[in-house]
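Below, chain A is the first sequence line, B the second, and so on; all start at residue 1.
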2 protein chains.
Amino acid sequence: MVKQVAERADLLPKLAQLFRSHGYEGTSLAAIAAATGLGKGSLYHFFPRGKPEMAQAVLDETAAWFARAVLGPLRHPGPPRVAIREMCRALEAHHNGGTQICAFALFAADETQTLFAAPLRTHFQQWIEALARVLVLAGRGAAAARTEAFDAVACIQGAIILARAAEDGRVFAGAVARLEARLCV
Amino acid sequence: MVKQVAERADLLPKLAQLFRSHGYEGTSLAAIAAATGLGKGSLYHFFPRGKPEMAQAVLDETAAWFARAVLGPLRHPGPPRVAIREMCRALEAHHNGGTQICAFALFAADETQTLFAAPLRTHFQQWIEALARVLVLAGRGAAAARTEAFDAVACIQGAIILARAAEDGRVFAGAVARLEARLCV
DNA sequence: GTCTATAAAGCGATAGAC
DNA sequence: GTCTATCGCTTTATAGAC
């Protein structure tokens, strides 16, 4: 067997894929070892506190990507429709055409929420607030912008659930397209 | 210790509560035994095929309740706004003010989906179709009714995720109220 | 119908060689 | 930095007494 030298950052995509597919409880260290090609000892070298630290690292990485790909455009001065379009394109990419939920939503869905309460709250709060600000720029009143932003984020999260239940990613694409049209009015 | 004589039906509420809180993988037989007060042997008496059968029974029970409380009103001839109101009240009750997701949505979110693909697909498909028919009665065109029904169900599912992430059930109540107003136009 | 005891496998985590 | 081996515990599931 070839001895591989890995970096912590290299492991994150595979960790994210596992946690997003099987959830926190459903992802075992054996599965992580198999997917990464590393032994458990190596995994504990990179993540001394074990599975909770691995999941936290996935959330951190996802949050960093999200700040770059979604929050950045939403906060950048410019036409609202451009910001909204960038958000929608980033979401389509991140959710693989509606087949894959994101770790934040999956962890929020069950009691895993209690383990990562603070980052979960922050993630969705920042998203809704940033989108609401864009909607204000697009002409909405403050209160209407807040509720419309909430409903938009909710609709995205729910569309992933529905696309997965239907085993048909096209319904997610349709939902994103309608959302983009609705927000850009 | 008192020897209790249980019925399978008595176990379902507690099973549902456990699966809805911890997910399929996160719910252990030990936790089920503790919550029901039964030994593992008794559990296998009621569910000879073990945990998968328990989860299936929860889905069956939930589907039966849903047919009664949501699909029934939606399919019953009568004013659309009444059907929609009954749906919304039933959802508020079932989701405990947005604090608890339903088993169908939770199982669809991760790879548990592969174990229960057929009932998950059927559940959301029936819901969307029944709601779309009501929206047609309320005056929408067929295509618009279909997409509006999809978005409504998605918004509900997503609102539960967001309410759990925010640890604030009021945002779910608000989402349901807006949904009801939107659908009743 | 319920229980206890237990099997066999898997779990997260650790130790220590290289 | 990676590995193998292993610990202690939990898991699902079964056996068999009552």
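Rounded to whole Å, atom P of D:dT12 lies 12 Å from atom CG of B:L18. C:dT14 atom P lies 12 Å from atom CD of A:E53, rounded to whole Å. Across the protein-nucleic acid pair, B:F46 atom CZ and D:dA13 atom P stand 17 Å apart, rounded to whole Å. Between the C1' atom of D:dA13 and the CD1 atom of B:I32 lies a distance of 13 Å, rounded to the nearest Å. Look at CZ on B:R49: it is 17 Å from C1' on D:dT14, rounded to the nearest Å. Look at CZ on A:F47: it is 18 Å from C1' on C:dT14, rounded to the nearest Å. Taking atom CE of A:M54 as the reference point, atom P of C:dC11 lies 13 Å away to the nearest angstrom.
Across all strands, A:K40 comes closer than 4.0 Å to base atoms (heavy-atom distances). Residue B:G50 is classed as a sugar-phosphate contact, given heavy-atom separations below 4.0 Å to backbone atoms only.
Nearest nucleotide to the A:S28 side chain, out of C:dC11, D:dC3, D:dG1: C:dC11. Candidate nucleotides D:dA13, C:dT2, D:dT2 were compared by shortest atom distance to the side chain of B:H45, and C:dT2 ranks first. Proximity note for A:K51 (side chain, C-beta onward) versus C:dT2, C:dA13, D:dT11: the nearest is C:dA13. The nucleotide whose nearest atom lies closest to any side-chain atom of A:Y44 is, among D:dT12, D:dG1, C:dG12, C:dG12.
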List the atom pairs, donor and acceptor, that lie under 3.5 Å between side-chain atoms in residues 95-106 of chain A and the rest of the protein, sequence neighbours left out.
from   : atom 1 : to     : atom 2 : distance (Å)
A:H95  : ND1    : A:Q100 : O      : 2.9
A:N96  : ND2    : A:Q100 : OE1    : 3.3
A:T99  : OG1    : A:N96  : O      : 2.9
A:Q100 : NE2    : A:S21  : OG     : 3.4

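Mapped onto DNA chain D by nearest heavy atom, B:A31 and A:S42 fall at different nucleotides, with A:S42 at the one closer to the 5' end. Each of A:G41 and A:L29 has a nearest nucleotide on DNA chain C; the 5'-most of these lies closest to A:L29.
A salt bridge does not link A:E61 to A:R8: none of the charged nitrogens lies less than 4.0 Å from a carboxylate oxygen.
Within the 3.5 Å criterion, the main-chain N or O of A:D110 finds a donor-acceptor partner in the side chain of B:R164.
Partners of A:R85 under the side-chain contact (heavy atoms from CB on, under 4.5 Å) rule, at least two apart in sequence or in another chain, are A:V82, A:R89, A:E180.
Taken from CD in B:Q56 to CG in B:L115, the straight-line distance is 10.0 Å, to the nearest 0.5 Å.
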